[in-house]
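Residue numbers count from 1 along this sequence. Every value quoted in this text rests on a predicted model; they were computed, and no experiment measured them.
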Amino acid sequence: MASVCPPAASTQPALPSGPAVFKTVPYAFILPEILCGTWVWILVAATSVSFPLLQGWVMYVSLSSCLVSLLLLLSYLFGFHRNSENWKVLDSLYHGATAILYMSAAVLQANATIRSEFGPNSPLYYELNCAASFFAFITTFLYILHAFSIYYQ
């Protein structure tokens with residue numbers, strides 16, 4: 001009599017959906033990415049965008065990244081991925097590319113902060129720009145963590 005072995009379980013962990021998204025690394029980074037990115041956009045907008053070429057790029061990157069990350073979070077919450085491995089690749093590529101874009105935005109925001117130190121409305125705009133630079137670098141770090149955490153699952 002031959003014994004029948006059960007089918008081997010998949011070695012790949014299932015992609016989270018529903019509330020499990022908030023408990024699983026790297027997907028738990030999506031909400032802080034959205035929140036910190038929103039703060040970048042709000043803080044830069046509060047400075048009246050004194051340096052349009054620099055801060056325009058910062059606002060574009062922060063707003064578009066927030067919107068795409070929100071769509072990605074909603075797709076994970078509602079289970080649109082259907083546990084497909086292609087979603088891991090999409091997630092990794094998106095977060096890697098966004099990390100690069102956010103790094104450029106953070107550096108430009110830091111430049112705008114330095115330039116606003118002695119400008120008109122100096123104390124207020126300088127403090128807002130400092131906070132925006134801080135959140136831009138934090139958001140960059142979160143996107144980098146997310147992109148690399150997928151490989152270590």
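- Using a 4.5 Å cut-off between side-chain heavy atoms of Ile, Leu, Val, Met, Phe, Trp and Tyr, with links allowed through other members, L63 and M103 fall into different hydrophobic clusters.
- Residues W41 and V61 fail the side-chain proximity criterion, which asks for heavy atoms closer than 4.5 Å.
- Under the 3.5 Å distance criterion, with hydrogens and angles disregarded, a donor-acceptor pair is assigned to the side chains of S69 and Y94.
- Here T47 contributes atom OG1 and I42 contributes atom CD1; the two are 12.5 Å apart, rounded to the nearest 0.5 Å.
- In the hydrophobic clustering of ILVMFWY residues, with side-chain heavy atoms under 4.5 Å counting as a link, I114 and V58 come out apart.
- Looking at P16 and K23, their side chains never come closer than 4.5 Å, going by heavy atoms from C-beta outward.
- The minimum heavy-atom distance linking S62 with G37 is given by the pair CB-O, 3.7 Å.
- To the nearest 0.5 Å, atoms CD (E33) and CG (L72) are separated by 8.5 Å.
- When every heavy atom of F137 is checked against every heavy atom of A110, the shortest pair comes out as CE1-CB, 4.2 Å.
- Hydrophobic clustering, with ILVMFWY side chains joined whenever heavy atoms are under 4.5 angstrom apart, keeps F22 apart from L71.
- A distance of 7.0 Å separates OH in Y76 from NE2 in H81, rounded to the nearest 0.5 Å.
- Between W39 and F135, the two ring planes are parallel [angle under 30°; tilted spans 30° to 60°].
- For the residue pair Q55 and N129, a side-chain donor N or O sits within less than 3.5 Å of a side-chain acceptor on the partner.
- S149 has its side chain within reach of F29: a pair of non-hydrogen atoms, C-beta onward, lies under 4.5 Å apart.
- Residue L54 forms a side chain to side chain contact (heavy atoms under 4.5 Å, CB included) with just one option from V107, V49, N111, V44, and that option is N111.
- The closest side-chain donor-acceptor pair between S116 and S50, if any, does not fall under 3.5 angstrom.
- Considering every non-hydrogen atom in both Y102 and A136, the closest pair reads CD2-O, 3.9 Å.
- In plain terms, the two heavy atoms of S48 and Y125 that are nearest each other are OG-OH, 2.9 Å.
- No more than 12 heavy atoms of other residues, nucleotides or ligands lie within 6.0 Å of OH in Y60, so this atom counts as exposed by the packing criterion.
- With no hydrogens or angles considered, no side-chain donor-acceptor pair links D91 and Y27 at under 3.5 Å.
- Both L90 and L74 belong to a single network of hydrophobic side chains, linked directly or stepwise wherever heavy atoms of I, L, V, M, F, W or Y lie under 4.5 Å apart.
- Looking at L145, T140, T139 one by one, the single match for side chain to side chain contact (heavy atoms under 4.5 Å, CB included) with Y143 turns out to be T139.
- Taking the six-membered ring where tryptophan is involved, the planes of H95 and H146 are essentially parallel, since the angle between them stays under 30° and well short of 60°.
- When hydrophobic clusters are built by joining Ile, Leu, Val, Met, Phe, Trp and Tyr residues whose side-chain heavy atoms come closer than 4.5 Å, directly or via intermediates, L67 is not grouped with I100.
- Here the options are L142, L73, L77, the test is side chain to side chain contact (heavy atoms under 4.5 Å, CB included), and the partner is I30; only L73 passes.
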